[in-house]
Amino acid sequence: MALHDLELRFVYGQTLCDLMAASPDVVCVEADLSKASGTNPLVPRQYPDRFINVGVAEANMICVGAGLASEGKVPFCASFSCFASRRVYDQITISVAYANHPVKIVGTAPGVTAGPNGGTHMCFQDLAIMRAMPNMRVYSPCDAYELRAVLRYMAASPVPEYMQLIRGVMPAIFDEEYRFDPERALRLHEGGDVTLVSTGYMTPPALGVARTLAAEGIGVDLLHYPSVKPFDAETLVASARRTGRVVTVENQTILGGLGSAACEVLCERHPVPVKRLGVPDRFGEVATEEYLFDKHGFGPAHMAAACRAAARGGV
Amino acid sequence: MAGSYRCGPDAPRDAFDRQAYDRLAAEWRYVITDMICRAGSGHLGGALSLVEIVMTLYGRILRVDPADPAWEDRDRLVLSKGHGAPVLYLALAYGGFFPTSWLGTLNRNGTRLPSHADARSVPGIDMTTGSLGQGLSCACGKALAARLDGREHTVFCILGDGESNEGQIWEAGMFAAQQRLDNLVAICDYNKLQIDGFVQDILGLEPLAEKWRSFNWEVFQMDGHDWDDVYRTLRAAQAVRERPAMVLAHTVKGKGNRAVDNRPESHNIKVPDAAAYRSFMEALEATGFEVPY
């Protein structure tokens with residue numbers, strides 16, 4: 001089975017095992033959602049001493065992670081993104097980011113992918129709130145190869161980091177050769193009419209939209225941002241200089257996340273019309289992804305419409 | 001002098017000179033009060049309540065080395081009630097971790113000694129703290145790391161009683177027992193006061209010893225101002241096996257300063273002018289010391 005045929009949570013579990021084999025300092029910390037994260041049963045079977053389950057106690061998980069990291073360990077702490085970010089925001093702010101300990105925080109089931117669990121579990125703001133935290137880096141890989149590369153990078157990096165983990169199978173965008181560089185966006189499709197900026201879960205459909213529009217004669221410059229912070233400003237500005245129009249799309253609120261990061265750069269460096277697609281200022285609800293895409297206007301059809309409008313000068 | 005306060009691998013742990021410690025405790029209370037008053041405000045009460053405990057820890061119990069603050073086999077101390085930092089700064093400065101002249105910079109612009117304990121800027125501090133409730137979890141992480149590395153050192157953690165209102169303390173309490181962290185010793189500075197008043201009137205903790213016993217901790221109680229009781233109890237807590245140890249240290253908030261002792265106002269004093277400064281300094285039970293800055 002190819003890597004991209006696996007659910008990404010199992011890629012996470014397997015990659016974590018590989019990292020634990022390579023370094024005795026890597027530790028897996030869970031808060032009673034280890035099966036959902038994909039680390040259980042793989043990690044506890046292979047590394048029972050370094051599989052720490054704190055129970056339903058996310059605040060304790062983050063600070064236990066901070067204590068481990070302060071002693072040279074590399075803890076990967078995972079939970080649903082709603083619990084791994086907003087529930088423990090102060091713990092991450094003070095014991096991880098302010099104290100500057102290299103805890104690796106994994107927020108699973110981002111945005112609409114939490115569908116069956118509904119509005120209580122549907123976190124649209126983790127990219128925004130984690131990005132607003134000094135010392136914190138924020139990643140959202142889009143496929144199995146990128147996930148694996150990001151995890152390898154995180155295990156070796158001496159700083160606090162937050163990563164969204166999509167749990168399901170994702171179509172292959174990259175391959176075995178992929179290397180993650182948080183300072184660089186990736187141009188997945190070249191075009192001169194509109195810049196489309198995406199991250200994480202929205203990148204595969206964004207690539208589909210770029211290809212569809214190419215057949216219509218509309219050139220989409222698709223920039224994928226595996227790292228929302230640090231944010232590669234140069235690639236965006238260079239693209240915006242060529243296209244003059246920017247559309248952003250994210251599986252998140254449009255307040256404070258990827259679209260906001262793009263706007264912050266563009267308004268200071270090269271102001272152009274921008275359309276942000278994502279969830280407006282709303283909570284989630286129990287629903288299918290298609291329903292939520294339609295309701296909030298950020299599925300493939302909405303991306304295509306926004307790019308067409310932009311290409312016509314109508315953003 | 002034999003038996004006087006000194007930090008380091010060759011500190012005289014057993015040659016305890018009671019008179020020297022008594023005198024130094026009075027001096028620390030004088031300097032802490034002076035530092036905070038000169039800064040214009042600060043957490044006085046919760047620093048004064050810890051003087052005997054912190055001096056005993058650094059002078060007689062902790063295996064630390066001021067010449068090598070990051071020594072891997074040292075004992076650790078997490079001051080979870082991070083606002084007690086001034087007494088920790090005294091212990092470290094007088095123990096040789098950094099110049100005592102720094103003490104006069106407490107809370108000043110650009111200082112290395114902020115109001116809450118900061119491992120980023122202060123040699124010898126093991127964990128950055130200040131947001132209450134988090135330090136016991138961090139100490140658990142440190143104790144786990146020691147176990148994973150096969151190291152023998154002890155992780156001490158000082159909690160506040162008001163801090164014990166935080167739910168996360170009890171998450172960490174369950175976790176430490178579940179993991180049988182017998183290299184973890186927690187000390188609750190049970191001075192019976194929190195910011196808004198007496199603990200029993202705000203969010204009472206009693207029966208506190210029974211609570212921790214029911215969480216499967218070994219529980220000790222001590223007079224946190226009695227040198228012998230503090231030393232014996234902390235050593236006994238260190239010797240516990242198969243479970244974490246909780247020491248309830250009965251203390252007086254603001255101890256040694258009549259302006260604040262056992263008063264809710266002692267938590268964070270305001271010192272707007274020279275008259276206020278004099279009133280706090282003159283209220284000390286022992287005066288006449290030189291400040292080292």
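Throughout, protein chains are lettered first and strands after them, A, B, ... in sequence-line order, and every chain is numbered starting at 1.
When heavy atoms are compared at a cutoff of 4.5 Å, B:Ala172 approaches chain A by way of both its backbone and its side chain. For chain B, the nearby part of A:Val27 is the side chain; its heavy atoms alone come within less than 4.5 Å.
Scanning all heavy atoms of the two residues, the minimum distance from A:Gly67 to B:Lys142 falls at O-CG, 3.7 Å. Listed here is the closest heavy atom pair of B:Gly141 and A:Leu68: O-CD2, 3.4 Å. Closest approach of B:Leu148 and A:Lys73 over heavy atoms only: CB-CE, 4.3 Å. Across every non-hydrogen atom of B:Gln134 and A:Ile94, the tightest pair is OE1-CB, 3.9 Å. In plain terms, the two heavy atoms of A:Ile52 and B:Gln179 that are nearest each other are CG2-NE2, 4.1 Å.
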In residues 53-62 of chain B, what donor-acceptor pairs under 3.5 Å come from side-chain atoms, sequence neighbours left out?
residue	atom	partner	partner atom	Å
B:Thr56	OG1	B:Glu52	O	2.7
B:Arg60	NE	B:Arg13	O	2.9
B:Arg60	NH2	B:Arg13	O	3.3

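Judged by distance alone, the side chain of B:Arg120 and the main-chain N or O of A:Tyr98 form a donor-acceptor pair under 3.5 Å.
Distance check, rounded to the nearest 0.5 Å: CG of A:Asn60 to SG of B:Cys140 gives 6.0 Å.
Contact of the A:Val54 side chain with the B:Met174 side chain is not registered, since no non-hydrogen atoms from C-beta on lie closer than 4.5 Å. B:Arg151 places none of its side-chain heavy atoms less than 4.5 Å from the side chain of A:Glu71.
When each of A:Pro75, A:Ser95, A:Gly55 is scored by its heavy-atom pairs under 4.5 Å with chain B, the top score falls to A:Ser95.
Atom CZ of B:Arg241 sits in a crowded spot, with more than 12 heavy atoms from other residues, nucleotides or ligands closer than 6.0 Å.
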